[in-house]
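Naming convention: chains lettered A, B, ... in sequence-line order (proteins, then strands); numbering from 1 in each chain.
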Protein chains: 2
Amino acid sequence: MGLRETKMERTRQLLADTAFELFTAQGFAATTMEQIAAAAEVGPRTLYRYYATKEALLLTFVEQRLDEALDVLRAQPPDMPVPEALYKLLDYVLRTVAESGDRIIAVYELAWRTPSARAQLSDNTSRWRGELATEIARRMGGRSAELAATLASANTMTVIEVSVRTWVESGGRSNMRRITHRALELLRGSGVPVATP
Amino acid sequence: MGLRETKMERTRQLLADTAFELFTAQGFAATTMEQIAAAAEVGPRTLYRYYATKEALLLTFVEQRLDEALDVLRAQPPDMPVPEALYKLLDYVLRTVAESGDRIIAVYELAWRTPSARAQLSDNTSRWRGELATEIARRMGGRSAELAATLASANTMTVIEVSVRTWVESGGRSNMRRITHRALELLRGSGVPVATP
DNA sequence: TCGCGAAGTGGCAGCCACTGCCACATGGCC
DNA sequence: GGCCATGTGGCAGTGGCTGCCACTTCGCGA
């Protein structure tokens, strides 16, 4: 990786961090892109080259975690049973969410309060669910599995959402895994694969 | 209902219809709010009083249908088994979607092509899913049912989404109900209530 | 090592979604 | 018929976002 790319990666990180601080300090709407650019000491035009929208600047952190989780799933051997692979994914998500702690909580709370950011978050998770469905379908094999894969993906996403949501609402104090396991237990028994340890 | 309210309702309808025609004719992004206001012969400021955002103008049609479906569910007797009540809701959605035909297809295709509109649509359905979960929880009774209700709501929404999506993608030619029933069949057997005729 | 092309940066002008404010008009009601 | 509440519309302004173009800086081959 050349000097150029290193520098850009650093700038990218700096912009997201600077934005995050301003957002938490003054609120999302009250912070302008110009302010963020000034605080990070770049031109506004450059800021837009790194992040196309203000919402992206807030949500990139969450987005990265979800994409990493997908990579974890893809890295599992192709002959691993789907429920087991899904459990690895779920486990990764819950672990990293719990580790990132405060920042995740702050981002979610900001996003939920801000219509445009909440909408963008919904869109991200919806896109992510689609990618997850594709990966599950590949593992289940064959065209006919597409519907089951879509349902399995939706189930998984719902479990993640409900777990994270209650965890965030408790300020990071509740036991995320307990809810996850209760949800998985409820979902078992249908014709759709469910994450299993 | 007084003359005043009647007139406003008419204007409201006129604005959405005018916008829809312009959107389909020239595309969502290429249509300005000013154009819509001019075409409907109201001031731009007035347009904003009826619809807070451009996306709302496009999506109000879909939104209305979903809200009606919730009302249908709420109208069912409280002692009706949840799976049966869910089936009534599902049935209403599929029926009205099929009846509204071209317009639904056009709205979805416009929304999917437009990031901001797609995000808004995601947000709407997410909010709707929450309301559905609340209603299901009430019918299942008790605090402890909340998680199962959330999962049931998510399942139902997924079934609707996947049905509508494939239907729209086929240009309204595929059999929406076949997919719906296959999906419901797959979902049966878990601890979560599933729509049943 | 030097210089050149590619790639990143930033300023400027401009579009348009959206808002607060205020003056005006128009139903609804006594 | 006149008054109040409520709806309409113009105006000025903010800020997100874009295209364009000039400038700088990195990376690489001669």
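In the region residues 52-63 of chain A, proximity to DNA chain C at under 4.0 angstrom, judged on heavy atoms, holds for none of the residues. Taking every heavy atom of residues 19-38 of chain B and every atom of DNA chain C, pairs under 4.0 Å involve B:Thr31, B:Thr32, B:Met33, by number.
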Practice prompt. Heavy atoms under 4.0 Å is the rule here; annotate nucleotides 3-10 of chain D 5' to 3' with B where the base is hit, S where only the sugar-phosphate is, and - elsewhere.
Written response: --BBSBBB
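Put simply, the side chain of A:Met33 reaches to within 4.5 Å of the side chain of A:Tyr48, judged on heavy atoms.
One hydrophobic cluster, built from ILVMFWY side chains closer than 4.5 Å, holds both A:Leu66 and A:Val164. Grouping the Ile, Leu, Val, Met, Phe, Trp and Tyr side chains by contacts below 4.5 angstrom, directly or via other members, places A:Met80 apart from A:Leu132. In this structure, A:Ile105 is a member of the same hydrophobic cluster as A:Leu94, with clusters built from ILVMFWY side-chain heavy atoms closer than 4.5 Å.
Rounded to whole Å, atom C1' of D:dG13 lies 14 Å from atom OH of B:Tyr48. Rounded to an integer number of Å, the gap from A:Lys7 NZ to C:dT9 P is 9 Å.
Between the A:Thr60 side chain and the A:Ala56 main chain, no donor and acceptor come within less than 3.5 Å of each other. One N or O on the side chain of A:Ser100 and one on the backbone of A:Thr96 form a donor-acceptor pair closer than 3.5 Å. Remark: the backbone N or O of A:Trp167 is paired with a side-chain donor or acceptor of A:Ser170 at under 3.5 angstrom. At distances below 3.5 Å, not a single donor-acceptor pair connects side-chain atoms of B:Ser153 with backbone N or O atoms of B:Ala149.
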What's touching nucleotides 28-30 of chain D from the protein side, N or O pairs under 3.5 Å?
none

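Residue-environment remark: CD (A:Gln76) exceeds the threshold of 12 foreign heavy atoms within 6.0 Å.
Bending across the helix from C:dT1-D:dA30 to C:dC30-D:dG1, expressed as the angle between its end axes from five pairs apiece, amounts to 10° (10° rounding).
A salt bridge links B:Glu63 and B:Arg127; the closest N-O separation between the charged side-chain nitrogens and carboxylate oxygens is under 4.0 Å. Between B:Glu161 and A:Arg129, at least one side-chain nitrogen of the basic residue sits less than 4.0 Å from a carboxylate oxygen of the acidic one, meeting the salt-bridge criterion. For the pair B:Arg10 and B:Asp17, the salt-bridge criterion is not met [side-chain N within less than 4.0 Å of a carboxylate O].
The cationic group of A:Arg65 does not satisfy the cation-pi geometry with A:Tyr92, failing either the under 6.0 Å distance to the six-membered ring centre or the 45° limit from the ring axis.
Minimum heavy-atom separation, A:Leu89 to A:Ala69: CD1-O, 3.7 Å.
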Using distance only, find each side-chain donor-acceptor pair of residues 178-190 of chain B under 3.5 Å and give its atom names and separation, not counting sequence neighbours.
residue: B:Thr180; atom: OG1; partner: B:Ser163; partner atom: OG; Å: 2.9
residue: B:Thr180; atom: OG1; partner: B:Met176; partner atom: O; Å: 3.0
residue: B:His181; atom: ND1; partner: B:Arg177; partner atom: O; Å: 3.0
residue: B:His181; atom: NE2; partner: B:Tyr87; partner atom: OH; Å: 2.9
residue: B:Glu185; atom: OE2; partner: B:Arg188; partner atom: NE; Å: 3.4
residue: B:Arg188; atom: NH1; partner: B:Ala195; partner atom: O; Å: 3.2
residue: B:Arg188; atom: NH1; partner: B:Thr196; partner atom: OG1; Å: 3.1
residue: B:Ser190; atom: OG; partner: B:Val192; partner atom: N; Å: 3.1

